[in-house]
Amino acid sequence: MINLAPVAAADKAAAEDLYLAAFPPEERRPWQQIADTGTMPRLCGLYNNEELFVGFVTVWTFERYAYVEHFAVSPSQRGGGIGAAAMAALRQMLGMPVVLEVEPPTHRDPMAPRRIAFYERCGFALLDYDYMQPPYSAGLPSVPLCLMSTDPGLDPAEIERTLHSQVYGYSS
């Protein structure tokens with residue numbers, strides 16, 4: 001069982017370290033924008049039955065769906081079902097379709113197909129859509145990614161417009 005809760009003050013440094021280790025610079029925003037509890041995205045800690053911090057998820061909530069911007073489980077805790085339990089708990093907590101971005105299955109990272117398979121086991125489907133994540137800040141590149149959703153009927157063009165304007169502050 002995994003509980004989602006605000007990240008405890010004692011776990012903030014561990015959450016930041018995991019964030020910096022799990023995501024390359026072109027796929028992350030400044031940590032302070034995440035750690036600021038009064039703004040989006042909402043930072044949720046993942047806690048096991050012993051109330052040990054085992055990971056985090058950042059979530060944006062929109063009218064028709066929620067967007068998981070970042071999701072990471074501590075390396076020492078991976079492979080034991082924590083990620084799947086966290087996704088199930090998150091989906092139940094949100095009570096609406098969930099959208100996320102993943103590297104394409106052809107990405108140079110050999111983990112990309114495994115991540116997609118993991119999310120498929122969690123009830124997500126790849127959306128057939130050419131998607132590009134805009135840069136988080138000047139000097140960083142755009143990143144070709146894929147969209148996945150628990151509701152494959154969502155309009156990927158609408159998702160793109162919302163993410164680009166609300167999450168990335170980008171207008172085309």
Side-chain angles (χ1 to χ4, degrees), residues 1-61 66-91 93-94 98-122 124 126 131-148 163 166-170:
M1 174 116 170
I2 292 295
N3 297 311
L4 282 78
V7 174
D11 298 323
K12 288 270 177 139
E16 181 179 8
D17 289 346
L18 178 57
Y19 177 69
L20 295 173
F23 299 95
E26 62 271 15
E27 293 183 25
R28 61 182 191 230
R29 66 180 56 253
W31 174 252
Q32 192 53 44
Q33 290 178 10
I34 292 170
D36 183 355
T37 58
T39 63
M40 290 289 235
R42 183 171 58 177
L43 173 64
C44 297
L46 310 179
Y47 291 89
N48 67 12
N49 289 339
E50 292 84 39
E51 298 182 25
L52 176 71
F53 174 80
V54 294
F56 71 88
V57 61
T58 60
V59 181
W60 295 73
T61 306
Y67 165 64
V68 171
E69 184 175 21
H70 296 99
F71 174 60
V73 173
S74 298
S76 65
Q77 302 294 317
R78 292 179 189 156
I82 288 173
M87 273 294 139
L90 180 68
R91 290 182 62 190
M93 179 183 84
L94 293 169
V98 179
V99 171
L100 52 80
E101 302 162 331
V102 293
E103 292 92 355
T106 57
H107 192 269
R108 68 184 177 279
D109 180 354
M111 289 299 294
R114 291 183 63 188
R115 280 189 202 98
I116 291 170
F118 164 77
Y119 288 120
E120 288 174 337
R121 288 190 304 276
C122 292
F124 288 79
L126 274 172
Y131 177 77
M132 185 72 71
Q133 175 198 291
Y136 274 103
S137 60
L140 293 176
S142 295
V143 181
L145 296 173
C146 295
L147 294 171
M148 295 188 81
L163 297 183
Q166 301 298 311
V167 173
Y168 298 104
Y170 176 81

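Bear in mind the structure is a predicted one, so any value in this text is a computation, not a measurement.
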As an exercise, state the distance from [atom1] of [X] to [atom2] of [Y], rounded to the nearest 0.5 Å.
{"X": "L145", "Y": "M132", "atom1": "CG", "atom2": "CE", "value": "8.5 Å"}
{"X": "S74", "Y": "L52", "atom1": "OG", "atom2": "CG", "value": "7.5 Å"}
{"X": "K12", "Y": "F56", "atom1": "NZ", "atom2": "CZ", "value": "12.0 Å"}
{"X": "F71", "Y": "L46", "atom1": "CZ", "atom2": "CG", "value": "6.0 Å"}
{"X": "F124", "Y": "Y119", "atom1": "CZ", "atom2": "OH", "value": "7.0 Å"}
{"X": "L147", "Y": "Q133", "atom1": "CG", "atom2": "CD", "value": "10.5 Å"}

Backbone N/O of C122 and side chain of R91: donor-acceptor pair under 3.5 Å
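The answer is yes, because a donor-acceptor pair under 3.5 Å joins these two groups.
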
Kindly say whether A66 contributes a backbone atom to a donor-acceptor pair with the side chain of T61 at under 3.5 angstrom?
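Side chain of T61 to backbone of A66: no pair is present.
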
Can you tell if the side chain of [X] reaches within under 4.5 Å of the side chain of [Y], non-hydrogen atoms only?
{"X": "V59", "Y": "V98", "value": "no"}
{"X": "R28", "Y": "I34", "value": "no"}
{"X": "E101", "Y": "L163", "value": "yes"}
{"X": "Q166", "Y": "M40", "value": "no"}
{"X": "L20", "Y": "W31", "value": "no"}

Which heavy atom in [X] sits nearest to a heavy atom in [Y], and how many Å separate them?
{"X": "H70", "Y": "Y136", "answer": "CE1-OH, 3.6 Å"}
{"X": "A112", "Y": "P104", "answer": "CB-O, 3.4 Å"}
{"X": "P25", "Y": "L140", "answer": "O-CD1, 3.6 Å"}
{"X": "D11", "Y": "Y47", "answer": "OD2-OH, 2.8 Å"}
{"X": "P105", "Y": "P113", "answer": "O-CG, 3.5 Å"}
{"X": "I116", "Y": "M148", "answer": "O-CE, 3.8 Å"}

Within a reach of under 6.0 Å around [atom1] of [X], are more than 12 heavy atoms found that belong to other residues, nucleotides or ligands?
{"X": "E51", "atom1": "CD", "result": "no"}
{"X": "R114", "atom1": "CZ", "result": "no"}
{"X": "M111", "atom1": "CE", "result": "yes"}

Let me see the working for F23 and R29 under side-chain contact (heavy atoms from CB on, under 4.5 Å), right down to the final yes or no.
CA-CA 10 Å; F23 299 95; R29 66 180 56 253; over 6 Å; no

